[in-house]
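Encoded as structure tokens, the structure appears first; notes follow it.
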Amino acid sequence: MQMNDSQRIPASKANEWAALNDPDILRRCIPGCQSLEMASPTEMIATVVLKVGPVKATFSGKVTLTDIDAPNGYRIVGEGAGGVAGFAKGGAKVRLEEESPGVTVLHYEADAQIGGKLAQLGSRLIDSTSRKLAANFFESFAAVVAPSS
């Protein structure tokens, strides 16, 4: 499954970059995130609870940042195991583009693979859930990063 999109956020590129590297902000924005901790400057350990159709699972996994080009973007790669529900792994190339002072466009190209019970749910349900989760993340991220009016 692949997703490409962009989100226009009323915040400076520097603020968005800092937020994309702040585990506390990411934890608040990632749907179902129970914990997210830095293990090293380029690695985080996460626990996320998700419900996809009739399957609810707790995923524990690792997130690694590579191809870091501060403050322009990076590649984020993650994988997690959800017990009998299966596994998920994937990555995203994230790029920040300053549209004007105080407005930055966040572009992403993501890909994901799933296995186990989750894979049996069907591609339509997985795709729609993935898009909904991505939209929820970016809505939350924009609300946290954008300065209050």
Side-chain angles (χ1 to χ4, degrees), residues 1-9 11 13-99 104-146:
M1 152 184 37
Q2 294 193 336
M3 295 184 298
N4 301 317
D5 204 355
S6 60
Q7 178 79 27
R8 188 174 178 273
I9 300 175
K13 188 176 187 179
N15 285 352
E16 280 194 45
W17 177 255
L20 283 171
N21 289 279
D22 183 329
D24 290 329
I25 289 176
L26 293 175
R27 180 184 41 75
R28 291 177 14 207
C29 298
I30 297 170
C33 188
Q34 302 295 305
S35 67
L36 183 66
E37 299 176 13
M38 295 297 289
S40 77
T42 59
E43 199 170 272
M44 293 177 250
I45 306 298
T47 302
V48 178
V49 176
L50 290 177
K51 186 170 183 343
V52 181
V55 178
K56 182 177 180 182
T58 300
F59 289 87
S60 297
K62 178 172 74 169
V63 176
T64 306
L65 307 178
T66 63
D67 303 334
I68 298 170
D69 177 21
N72 301 307
Y74 55 49
R75 177 151 178 80
I76 185 168
V77 178
E79 63 180 88
V84 295
F87 70 88
K89 62 182 177 177
K93 183 176 180 181
V94 178
R95 183 174 53 89
L96 298 177
E97 177 186 3
E98 188 172 58
E99 184 177 275
T104 304
V105 179
L106 188 155
H107 301 275
Y108 71 91
E109 300 168 24
D111 60 271
Q113 299 170 342
I114 57 166
K117 274 189 179 179
L118 287 175
Q120 298 171 3
L121 294 175
S123 61
R124 278 190 182 167
L125 179 59
I126 297 297
D127 286 350
S128 67
T129 301
S130 297
R131 292 182 197 291
K132 179 181 165 195
L133 291 171
N136 288 348
F137 170 81
F138 285 111
E139 267 182 36
S140 296
F141 188 76
V144 169
V145 175

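- Listed by chain and number, the residues in a ring pair (Phe, Tyr, Trp, His ring centres under 6.0 Å) with Phe141 are Phe137 (sequence neighbours excluded).
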Go through the steps to decide whether Leu106 and Leu96 satisfy the test side-chain contact (heavy atoms from CB on, under 4.5 Å), and finish with yes or no.
CA-CA 5 Å; Leu106 188 155; Leu96 298 177; 3.8 Å; yes
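- For Glu37, the CD atom is loosely surrounded, since the number of other residues' heavy atoms within 6.0 Å does not exceed 12.
- Across Pro71 and Lys13, no two heavy atoms sit closer than the pair O-CE, 3.4 Å.
- Listed by chain and residue number, Leu125 satisfy the side chain to side chain contact (heavy atoms under 4.5 Å, CB included) test with Ser128 (two or more places apart in sequence, or in another chain).
- In this view, Arg95 satisfies the side-chain hydrogen bond (donor to acceptor under 3.5 Å, both in side chains) rule with no residue, not counting sequence neighbours.
- Residues meeting the salt bridge (charged side-chain N to carboxylate O under 4.0 Å, His left out) test with Glu139, sequence neighbours left out: none.
- With sequence neighbours excluded, the residues satisfying side chain to side chain contact (heavy atoms under 4.5 Å, CB included) with Asn136 are Pro31, Lys132.
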Start with the C-alpha distance between Leu118 and Leu121, add both sets of side-chain angles, then the distance that settles side-chain contact (heavy atoms from CB on, under 4.5 Å), and finish with yes or no.
CA-CA 6 Å; Leu118 287 175; Leu121 294 175; 4.0 Å; yes
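- Partners of Glu109 according to the salt bridge (charged side-chain N to carboxylate O under 4.0 Å, His left out) rule, which considers only residues two or more places apart in sequence or in another chain, do not exist here.
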Could you go through residues 44-63 and list every donor-acceptor pair under 3.5 Å that involves a side-chain atom there, pairing it with any protein atom two or more places apart or in another chain?
from, atom 1, to, atom 2, distance (Å)
Thr47, OG1, Ser35, OG, 3.4
Lys51, NZ, Gly53, O, 2.7

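- With sequence neighbours left out, Arg131 forms a salt bridge (charged side-chain N to carboxylate O under 4.0 Å, His left out) with no residue at all.
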N/O donor-acceptor pairs under 3.5 Å from side chains in residues 19-30, not counting sequence neighbours:
from, atom 1, to, atom 2, distance (Å)
Asn21, ND2, Trp17, O, 2.8
Asp22, OD1, Asp24, N, 2.8
Asp22, OD1, Ile25, N, 3.4

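- Taking the side-chain hydrogen bond (donor to acceptor under 3.5 Å, both in side chains) definition, one finds that Lys117 meets it with nothing, sequence neighbours left out.
- Identified under the salt bridge (charged side-chain N to carboxylate O under 4.0 Å, His left out) test for residues 70-80, with sequence neighbours left out: Arg75-Asp111.
- In this structure, the side-chain hydrogen bond (donor to acceptor under 3.5 Å, both in side chains) partners of Glu99, at least two apart in sequence or on a different chain, are Arg8.
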